[in-house]
Trainee: 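Okay, handing you the structure first.
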Protein chains: 2
Amino acid sequence: MQITPAELEIMNVLWDQPGIGASEIADALEGGKDWNIRTIKTLVGRLVEKGALTTEPDGRRYLYRPAIRRGDYQKKAAKQFVDRMFGGRAAPLVAHLADARGLSADDIAELERLLGDLKK
Amino acid sequence: MQITPAELEIMNVLWDQPGIGASEIADALEGGKDWNIRTIKTLVGRLVEKGALTTEPDGRRYLYRPAIRRGDYQKKAAKQFVDRMFGGRAAPLVAHLADARGLSADDIAELERLLGDLKK
DNA sequence: CTCTTTTGACTACGTTTGTAGTCGATACTC
DNA sequence: GAGTATCGACTACAAACGTAGTCAAAAGAG
């Protein structure tokens with residue numbers, strides 16, 4: 001089940017607010033993404049076809065909610081990305097991120113905690 | 001300059017062995033990727049159009065080499081990926097990777113070294 | 001020299017993706 | 001109740017993608 005970048009925007013909205021309709025999705029879309037409502041409905045329809053969303057009738061419209069967990073999808077996507085771009089090695093990826101956007105002190109602290117856990 | 005997954009396979013070969021021709025690329029492609037030579041040439045042609053590869057005549061054929069550095073491309077792709085999938089937060093990504101594929105002891109050591117550097 | 005192979009240039013073509021439009025039915029506004 | 005907004009279902013359509021085919025010229029095989 002591959003989710004395209006445009007579709008992912010929809011998924012992100014629905015992971016944050018499951019059980020809303022198409023017009024609420026339109027409202028909730030971040031910043032510049034002022035897609036036409038038709039566009040949103042097309043993307044939602046494709047996600048339903050793919051089995052990534054479930055529908056629930058609500059009067060004459062549908063409410064949508066993710067059929068897959070965000071964490072599961074993120075994990076699969078992360079693995080695929082690292083495999084393709086970095087031959088499966090995570091460290092170079094983190095190095096690039098550090099360089100590209102400057103990890104915040106919080107990020108660094110979190111990573112340290114994580115590494116501490118992993119070593120056990 | 002967006003590079004598609006199929007094109008990235010080509011780039012990876014050329015980053016490892018810059019200055020080879022289409023048939024050498026075919027030979028060098030990893031494992032299952034036994035693409036038709038036409039397919040490879042199409043992909044190479046598109047990469048040249050996009051400015052991702054430079055050409056150098058060699059007799060009646062061309063040798064190709066990347067016009068962009070692997071590191072630069074990785075960095076941009078990593079940033080874009082983390083932005084899209086994790087709202088820009090690197091730590092959850094690393095957590096998923098750790099979970100999904102079990103970071104090796106080497107990976108962990110490398111990340112620790114990296115974090116040590118970052119804290120300075 | 002003739003046949004086969006290889007190369008670049010150009011073309012092909014189904015599928016996926018982004019971005020909507022049309023249509024008929026229902027709901028909401030006055 | 002008549003006009004307008006909204007919904008789902010279906011359709012449209014160009015660009016990008018994956019995967020290759022055709023063609024003419026040049027190079028290599030015998």
Side-chain angles (χ1 to χ4, degrees), chain A residues 1-14 19-65 67 73 77 80-81 83-85, chain B residues 1-14 17 19-65 67 73 76-77 80-81 83-85:
Chain A
M1 167 163 23
Q2 86 296 30
I3 292 176
T4 73
E7 289 166 358
L8 183 59
E9 300 286 342
I10 307 287
M11 292 303 289
N12 276 328
V13 168
L14 285 168
I20 61 178
S23 54
E24 285 96 329
I25 295 174
D27 293 341
L29 278 166
E30 300 276 313
K33 282 118 196 164
D34 54 342
W35 282 324
N36 189 297
I37 183 68
R38 324 268 174 201
T39 299
I40 293 169
K41 287 183 180 187
T42 298
L43 293 172
V44 166
R46 288 176 183 169
L47 285 166
V48 171
E49 274 176 29
K50 288 180 186 177
L53 295 180
T54 61
T55 59
E56 170 193 340
D58 173 46
R60 81 185 172 109
R61 68 183 195 147
Y62 289 124
L63 303 183
Y64 304 96
R65 63 186 75 237
Y73 183 72
Q80 194 180 7
F81 178 77
D83 284 347
R84 270 220 298 257
M85 283 297 299
Chain B
M1 170 167 15
Q2 85 295 29
I3 292 176
T4 74
E7 288 165 358
L8 183 59
E9 300 286 343
I10 307 287
M11 292 302 289
N12 276 329
V13 168
L14 285 167
Q17 304 169 58
I20 62 178
S23 54
E24 285 95 330
I25 295 175
D27 293 340
L29 277 167
E30 299 276 316
K33 282 119 197 163
D34 55 342
W35 282 324
N36 188 295
I37 184 68
R38 323 272 171 199
T39 301
I40 292 168
K41 287 184 180 188
T42 299
L43 293 172
V44 166
R46 286 177 185 167
L47 285 166
V48 172
E49 274 177 28
K50 287 181 187 178
L53 295 180
T54 61
T55 59
E56 169 193 340
D58 172 46
R60 81 190 170 104
R61 68 184 196 144
Y62 289 125
L63 303 182
Y64 305 96
R65 63 186 75 237
Y73 183 72
K76 215 173 41 176
Q80 194 180 7
F81 178 76
D83 283 348
R84 271 218 298 255
M85 282 297 299

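Letters A, B, ... are given to chains in the order of the sequence lines, protein chains preceding strands, and every chain is numbered from 1.
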Trainee: Using nucleotides 13-17 of chain C, report all nitrogen or oxygen pairs with the protein that are shorter than 3.5 Å.
Mentor:
none

Trainee: Go along nucleotides 2-9 of chain D 5' to 3' and tag each nucleotide: B for a protein heavy atom under 4.0 Å from its base, S when only backbone or sugar atoms are that close, - otherwise.
Mentor: ----BBBS
Trainee: To the nearest Å, how far apart are B/Asn36 CG and C/dA12 P?
Mentor: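 For the pair B/Asn36 CG and C/dA12 P, the rounded distance is 18 Å.
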Trainee: Using side-chain contact (heavy atoms from CB on, under 4.5 Å), reason through A/Leu29 and A/Asp34 one step at a time and then give a plain yes or no.
Mentor: CA-CA 7 Å; A/Leu29 278 166; A/Asp34 54 342; over 6 Å; no
Trainee: Looking only at non-hydrogen atoms, find the nearest pair between A/Asn12 and B/Arg84 and report the distance.
Mentor: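 Taking every non-hydrogen atom into account, ND2-O, 3.5 Å.
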Trainee: Can you tell me the distance, in whole Å, between the CZ atom of B/Arg84 and the C1' atom of C/dG18?
Mentor: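 Checked: the CZ to C1' distance equals 13 Å.
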Trainee: With a cut-off of less than 4.0 Å, is there a side-chain N or O of B/Trp35 near OP1 or OP2 of D/dG18?
Mentor: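 No, because none of the side-chain N or O atoms of B/Trp35 sits under 4.0 Å from OP1 or OP2 of D/dG18.
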Trainee: Tell me the closest heavy-atom pair linking B/Ala26 and B/Ile37, and the distance in Å.
Mentor: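 Closest approach of B/Ala26 to B/Ile37: CB-CD1, 4.1 Å.
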Trainee: Any chance you could measure A/Ile20, atom CD1, to A/Ile25, atom CD1, to the nearest 0.5 Å?
Mentor: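 Output value for this atom pair is 5.0 Å.
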Trainee: Can you name the residues that form a ring pair (Phe, Tyr, Trp, His ring centres under 6.0 Å) with B/Tyr73, not counting sequence neighbours?
Mentor: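 Result, ring pair (Phe, Tyr, Trp, His ring centres under 6.0 Å) vs B/Tyr73: none returned.
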Trainee: Considering non-hydrogen atoms only, spot the tightest contact between A/Met85 and B/Leu8 and give its length.
Mentor: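 Nearest heavy atoms, A/Met85 then B/Leu8: SD-CD2, 3.4 Å.
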Trainee: Once you round it to whole Å, what is the distance between C1' of D/dA16 and CE of B/Met1?
Mentor: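 About 16 Å, once rounded to whole Å.
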Trainee: Which donor-acceptor pairs under 3.5 Å do side chains of residues 43-57 of chain B form with protein atoms, sequence neighbours excluded?
Mentor:
| residue | atom | partner | partner atom | Å |
| --- | --- | --- | --- | --- |
| B/Lys50 | NZ | B/Gln2 | O | 2.9 |
| B/Lys50 | NZ | B/Glu7 | OE1 | 2.5 |
| B/Lys50 | NZ | B/Glu7 | OE2 | 3.0 |
| B/Thr54 | OG1 | B/Arg65 | O | 3.3 |
| B/Glu56 | OE1 | B/Arg65 | NH2 | 3.2 |

Trainee: More 5' along DNA chain C: B/Thr42 or A/Thr39, using each one's nearest nucleotide?
Mentor: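 Closer to the 5' end of DNA chain C: B/Thr42.
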Trainee: With B/Arg61, which residues qualify under side chain to side chain contact (heavy atoms under 4.5 Å, CB included), at least two apart?
Mentor: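 With neighbours one apart ignored, the set is B/Ser23, B/Glu24, B/Asp58, B/Leu63.
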Trainee: Expressed as a whole number of angstroms, how long is the span from A/Asp58:CG to C/dA27:C1'?
Mentor: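 Interatomic distance, CG of A/Asp58 to C1' of C/dA27: 13 Å.
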